Asks: 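First the structure, which I've put down as structure tokens, then a few questions once you've had a look.
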Amino acid sequence: MKRGKFIALEGIDGSGKSSQIGPLVRRLAGLGVPCRETREPTGGPVGSLIRQIFTGRVTADNRVIAALYAADRIDHLVNEVDGLLSALDQGITVVSDRYYFSSYAYHSVDADMDWVIQANALSAQLLRPTLTVFLDVPVETALARIRENRFVEEIFDGEDRLRRTRELYFQAFERLRDIERVAVVDGTGSQEQVGQRIWEAVAPYFPEILN
């Protein structure tokens with residue numbers, strides 16, 4: 001059985017990636033690619049704790065949050081119920097809303113990037129994305145979207161922090177350019193325009209549907 005592909009959608013909060021994952025999965029499925037979507041943090045026990053920290057119900061140091069993300073990511077890969085590695089081995093393509101580049105960018109605001117990369121080394125060893133798609137938008141655009149669509153302000157949504165996070169994404173892409181496949185996609189414009197740009201980046205990794 002041919003192994004499934006793994007596509008990770010990345011971007012700062014408000015980049016629009018969460019709105020794009022469903023259309024991408026449906027487009028792949030409509031072309032005969034067995035496909036499912038997922039997200040991080042997960043709905044598992046560690047991911048649920050992270051979400052409580054985001055909304056202020058639980059407090060934790062940002063370095064603790066970084067370690068929790070690393071643990072949640074490993075569980076996302078290997079758990080026996082719906083682990084990603086098992087799905088890929090069954091020939092299912094998985095599209096994820098965030099993966100380890102999110103940690104490299106967001107958590108390196110508070111910790112050394114080398115430490116963050118090392119904390120996620122096992123996940124990278126177990127599964128590197130077939131392609132990471134980064135939706136790039138101006139921070140001002142991202143903040144306007146966040147304020148329009150959210151009732152609760154999460155801890156990573158401040159303007160200065162988002163600006164620094166965007167910079168760190170590009171630092172991580174440059175640092176890992178020899179071992180990671182990354183497509184930077186313009187995230188501005190209509191949902192349909194952005195979706196088409198994503199498709200143009202993703203489609204070459206599915207030659208079976210292009211022939």
Side-chain angles (χ1 to χ4, degrees), residues 2-13 15-18 20-21 24-25 28 33 35-42 65-78 83-89 92-137 142 156 162-187 194-195 197-208 210:
K2 189 173 181 180
R3 196 165 194 255
K5 305 288 199 324
F6 178 51
I7 308 297
L9 295 188
E10 291 282 1
I12 61 173
D13 285 2
S15 62
K17 60 184 175 41
S18 298
Q20 291 293 338
I21 188 169
L24 176 58
V25 167
L28 286 166
V33 178
C35 199
R36 77 176 229 205
E37 64 181 86
T38 189
R39 65 181 301 190
E40 293 185 352
T42 71
I65 298 171
L68 287 171
Y69 257 101
D72 185 47
R73 186 162 293 125
I74 293 170
D75 182 60
H76 197 193
L77 292 169
V78 304
L84 300 190
L85 293 178
S86 176
L88 295 171
D89 286 342
I92 299 170
T93 284
V94 177
V95 183
S96 182
D97 182 346
R98 298 201 180 281
Y99 194 47
Y100 50 60
F101 268 110
S102 285
S103 284
Y104 298 167
Y106 277 88
H107 301 144
S108 293
V109 175
D110 303 294
D112 180 75
M113 186 179 286
D114 288 334
W115 179 86
V116 179
I117 291 174
Q118 186 58 40
N120 287 276
L122 179 56
S123 292
Q125 178 183 341
L126 291 170
L127 179 63
R128 290 193 188 277
T130 306
L131 178 69
T132 295
V133 177
F134 177 75
L135 291 188
D136 191 28
V137 298
F156 292 144
L162 281 181
R163 199 172 302 281
R164 178 61 177 150
T165 299
R166 181 180 177 275
E167 294 171 355
L168 287 164
Y169 262 115
F170 283 98
Q171 287 184 27
F173 296 153
E174 176 63 21
R175 180 176 297 198
L176 298 168
R177 67 184 185 278
D178 294 331
I179 57 176
E180 299 280 355
R181 290 184 289 266
V182 177
V184 178
V185 171
D186 180 2
V194 177
R197 293 178 199 137
I198 293 171
W199 180 251
E200 290 169 1
V202 168
Y205 293 89
F206 297 86
E208 67 274 17
L210 297 177

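Since the structure is predicted, the reported quantities are computational estimates derived from the model, not experimental observations. Side chains are part of it too, since the values below use all heavy atoms of this structure and drop only hydrogens, waters and symmetry mates.
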Asks: Just jot down the ring pair (Phe, Tyr, Trp, His ring centres under 6.0 Å) partners of Tyr169, sequence neighbours excluded, or say none.
Replies: Phe134, Phe173
Asks: Sequence neighbours excluded, which residues qualify as side-chain hydrogen bond (donor to acceptor under 3.5 Å, both in side chains) partners of Glu174?
Replies: Arg177
Asks: Report yes if some heavy atom in the side chain of Thr132 is under 4.5 Å from a heavy atom in the side chain of Arg181; otherwise report no.
Replies: no
Asks: Compare all side-chain heavy atoms of Thr165 with those of Leu168 and state whether any distance is below 4.5 angstrom.
Replies: no
Asks: So Val184 and Phe170, side-chain contact (heavy atoms from CB on, under 4.5 Å) or not? Walk me through it.
Replies: CA-CA 10 Å; Val184 178; Phe170 283 98; 4.1 Å; yes
Asks: Using 0.5 Å steps for rounding, measure from the CG atom of Leu85 to the CG atom of Leu77.
Replies: 5.0 Å
Asks: Show the numbers, then the answer: is there a side-chain contact (heavy atoms from CB on, under 4.5 Å) between Asp136 and Arg166?
Replies: CA-CA 8 Å; Asp136 191 28; Arg166 181 180 177 275; 2.8 Å; yes
Asks: Under the 3.5 angstrom rule, does the side chain of Ser15 hit a backbone N or O of Ile12 as a donor-acceptor pair?
Replies: yes
Asks: Enter the distance from Asn120:CG to Trp115:CH2 here, rounded to the nearest 0.5 Å.
Replies: 8.5 Å
Asks: Rounded at 0.5 Å granularity, tell me how far CG in Asp110 sits from CZ in Arg164.
Replies: 10.5 Å
Asks: Considering all heavy atoms of both residues, which atom of Ser123 and which atom of Ile74 are nearest to each other, and what is their separation?
Replies: OG-CG1, 3.6 Å
Asks: Which residues pass the side chain to side chain contact (heavy atoms under 4.5 Å, CB included) test with Asp75, sequence neighbours left out?
Replies: Asn79
Asks: Of all heavy-atom pairs between Ala201 and Val185, which one has the smallest distance, and what is that distance?
Replies: CB-CG2, 4.3 Å
Asks: Does Glu200 have more than 12 heavy atoms from other residues, nucleotides or ligands lying within 6.0 Å of its CD?
Replies: yes
Asks: Would you check if the side chain of Thr93 reaches a backbone N or O of Cys35 as a donor-acceptor pair within less than 3.5 Å?
Replies: no
Asks: Look only at the side chain of Arg73 and the backbone of Tyr99, and say whether a donor-acceptor pair between them is shorter than 3.5 Å.
Replies: yes
Asks: Nearest 0.5 angstrom please: Lys5 NZ to Leu88 CG, how far?
Replies: 10.5 Å
Asks: Do Val78 and Leu126 have side chains that approach each other closer than 4.5 Å (heavy atoms only, starting at C-beta)?
Replies: yes
Asks: To the nearest 0.5 angstrom, please state how far the CD1 atom of Ile7 sits from the CD atom of Glu37.
Replies: 14.0 Å
Asks: Report the distance from atom CD1 of Ile21 to atom OG1 of Thr38, rounding to the nearest 0.5 Å.
Replies: 7.5 Å
Asks: Which pairs with one or both residues in residues 95-105 pass salt bridge (charged side-chain N to carboxylate O under 4.0 Å, His left out), sequence neighbours excluded?
Replies: Glu10-Arg98, Asp13-Arg98, Lys17-Asp97
Asks: With salt bridge (charged side-chain N to carboxylate O under 4.0 Å, His left out) as the rule and sequence neighbours excluded, what pairs involving residues 121-132 come up?
Replies: Arg128-Glu180
Asks: Measuring only between side-chain heavy atoms, which start at C-beta, is Asp112 closer than 4.5 Å to Val116?
Replies: no
Asks: Any chance you could lay out the side-chain contact (heavy atoms from CB on, under 4.5 Å) test for Leu28 and Trp199, step after step, and finish with the verdict?
Replies: CA-CA 9 Å; Leu28 286 166; Trp199 180 251; 3.7 Å; yes
Asks: Give a yes or no on whether the ring-centroid distance for Tyr106 and Tyr69 is below 6.0 angstrom.
Replies: no
Asks: If you define the side chain from C-beta out and look only at heavy atoms, does anything of Ile117 sit under 4.5 Å from Arg175?
Replies: yes
Asks: With sequence neighbours left out, what residues match Arg36 under side chain to side chain contact (heavy atoms under 4.5 Å, CB included)?
Replies: Asp82, Leu84, Ala87, Ile92, Val94
Asks: Test side-chain contact (heavy atoms from CB on, under 4.5 Å) on Met113 and His107; report intermediate values, then the result.
Replies: CA-CA 8 Å; Met113 186 179 286; His107 301 144; over 6 Å; no
Asks: Less than 4.5 Å apart, side chain to side chain, heavy atoms only: is that true for Glu40 and Tyr100?
Replies: no
